[in-house]
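Have a look at the structure below before the remarks.
Side chains are part of it too, since the values below use all heavy atoms of this structure and drop only hydrogens, waters and symmetry mates. Whatever order the structure lists them in is the order used to number ligands and atoms, beginning at 1. The structure presented is a predicted model; accordingly, all values stated were derived computationally and were not measured.
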Amino acid sequence: MEFTLSTEQKMIQDLCRNFIKNEIKPLAEEMDRNGQFPYEVWKKMGDLGIVGIPIPEEYGGGGLDWLSMIIAIEEISRGDASLGVSLLDSVTLPMNLLDTFGTEEQKQKWLIPLASGEKIGAFGLTEAQAGSDASAIQTRAVLEGDEWVINGTKQFITNAGLRHNSLVIIAAVTGEGEGPRKRISNIIVPTGVGGFYFGDKYRKMGWKASETRELIFDECRVPKENMLGQPEKGFAQFMMALQTSRIGFAAHSLGLAQAIFNVSLAYAKEREQFGKSISKFQAIQFKLADMLMEIELARLMVYKAAWQKDQGENYFATSTLAKIFASETSKRCADQGVQIHGGYGVMDEYPISRYWREVKFDEILDGTSEIQRLNIAKRVLKL
Ligand SMILES: Cc1cc2nc3c(=O)[nH]c(=O)nc-3n(C[C@H](O)[C@H](O)[C@H](O)COP(=O)(O)OP(=O)(O)OC[C@H]3O[C@@H](n4cnc5c(N)ncnc54)[C@H](O)[C@@H]3O)c2cc1C
C-alpha cells in the first residue's frame, strides 16, 4: 500500500495551493457578494493546465491521472466553492463523456476547447419531474432527416449560460419504453444554436458565482452527428460519468471541510475569553480534533476512489461512500466551525458564515445522500 503522492500529484497540489492563495482567496468574498463568475481566473486556470488534467494531451489536457484532478478539485474548492463546482462539473461530466464516448471529430471540435480552459461545459439531465428519478426525463429528440429535433426543459444546470459556455450534453428520450427501459441518448447541443434558450440565473443561498440555469429546447435542431456514443445507451453512459462526478463532489466537500478547519483553528487560537485563548478549552479542542479526524478519513476515501478509477478497478462503492461521508463531514465541520466562532460565526465578514451556506449543496447534487445510501443498499449490499 502506498500513501505518498507522486511527483506530478504533489506538483499539482502545490500549484493549486499557490494559485488559490494568490488568485482565488482574495476574491472569494467579493464573488459571494456580486455573484459574478471570474472569467480571468478561469482563463489562468486553463493556462496553468488545471482544467483538463486527466484528458489526453492531444485533446488539450494534461494527460495525468484522475487522482491529480481530484486533488486539484479539492484545492480549488478550498479556495472557492463556486469555482470548485464549475471545475468539477466541466471535467467529470462533459469532458469525461466526450473523452470516453466521443468520436475523433467530436473530440477535436468540442473536447480541446474545454480541456484547455478556453471554454466551459455543462451537463443537462435534471428536469422538473426528473430529479432523483433520472429515468423520468421527458425531453425528447426526434431524428428528422439529418437533424435531431429537440423539445423539452432541463432545470438546475451548472455552468449553463456562462459567457464561455460552449455546449451542454443533454440526456434525451430517443425511443419508446417506460421507466428504466426508456431509450435515452446523449446529445451535444452547442450554445447559440436556434431553439435553445437559457432561463434566468437561479438565486441560490451559496455558490453564487457558479451559474445555474434552466435550459429550454423549442424545436431545437442539431446535426445527427451530435449524438454522443451509441444511440439509446445514454443512460449507462451518463451513469458512468456521474460515478466520476461523485468523486469530484466528494473532493469539493473535502476542500470546503479543510477550509472550515483552517479558519476555525486560527480563530480558536486568536479569540480570548475568561482571560485565555478559547483553544485552551477542552470543549473547543474536541471539536477541532473531531474535524481533523473526519477530514483525514474523508480524504482517504476520496483519494482511494480516484485511485481505483485510475487502476481501472470498480469504484462504485468507494465513490458513493466517499460522497456521502465527505459531504456530511463538511456539513458537520461547518456547524462546529460556526459554533467555535460564536456570534461572529453568523456575520458576513467571517468566511465561516459563507462556508456554512455552501456545504449543504453537496448532500443534494449528483444524487442526494438518501439516493446514495439506497445505491449502496441495492448494488453493494444486494438488499
Ligand atoms: C445548484 C444546483 C446545481 C445543479 N446542477 C446540475 C447539473 O449541472 N446538471 C443536472 O442534470 N442536474 C443538476 N442539479 C440537479 C441535482 O442533481 C438534483 O437537484 C438532485 O439530483 C436531486 O433532485 P431533486 O432536486 O429533484 O430532488 P428530489 O428527487 O425531488 O428529492 C427530494 C427529496 O426526496 C428524497 N428522495 C427522492 N427519491 C427518494 C427515494 N426513492 N427514497 C428516499 N428518498 C428519496 C431525496 O433524497 C430528497 O431528500 C443541480 C442542482 C442544484 C441545486
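- Residues Arg354 and Asp32 are not paired through a salt bridge, judged by the lack of any N-O separation under 4.0 Å between the basic side chain and the carboxylate.
- Pocket lining of ligand 1, defined as residues with a non-hydrogen atom under 4.0 Å away: Asp89, Phe123, Gly124, Leu125, Thr126, Gly131, Ser132, Phe156, Ile157, Thr158, Lys204, Thr212, Phe361, Ile364, Leu365, Asp366, Gly367, Thr368, Glu370, Ile371, Leu374.
- Annotation for Leu381: hydrophobic cluster partners, listed by chain and number, are Leu297, Met301, Phe316, Leu321, Phe325, Ile376, Val380, Leu383 (ILVMFWY side-chain heavy atoms under 4.5 Å, direct or chained).
- Shown here are the ring pair (Phe, Tyr, Trp, His ring centres under 6.0 Å) partners of Tyr39, two or more places apart in sequence or in another chain: Phe37, His164.
- Pairs engaging residues 66-91 under the salt bridge (charged side-chain N to carboxylate O under 4.0 Å, His left out) rule: Arg17-Glu75, Glu74-Arg299, Glu75-Arg78 [sequence neighbours left out].
- Note that CD1 of Ile55 and CD1 of Ile112 are 11.0 Å apart. Values are rounded to the nearest 0.5 Å.
- In this structure, the side chains of Ile73 and Val91 come closer than 4.5 Å at one or more pairs of heavy atoms.
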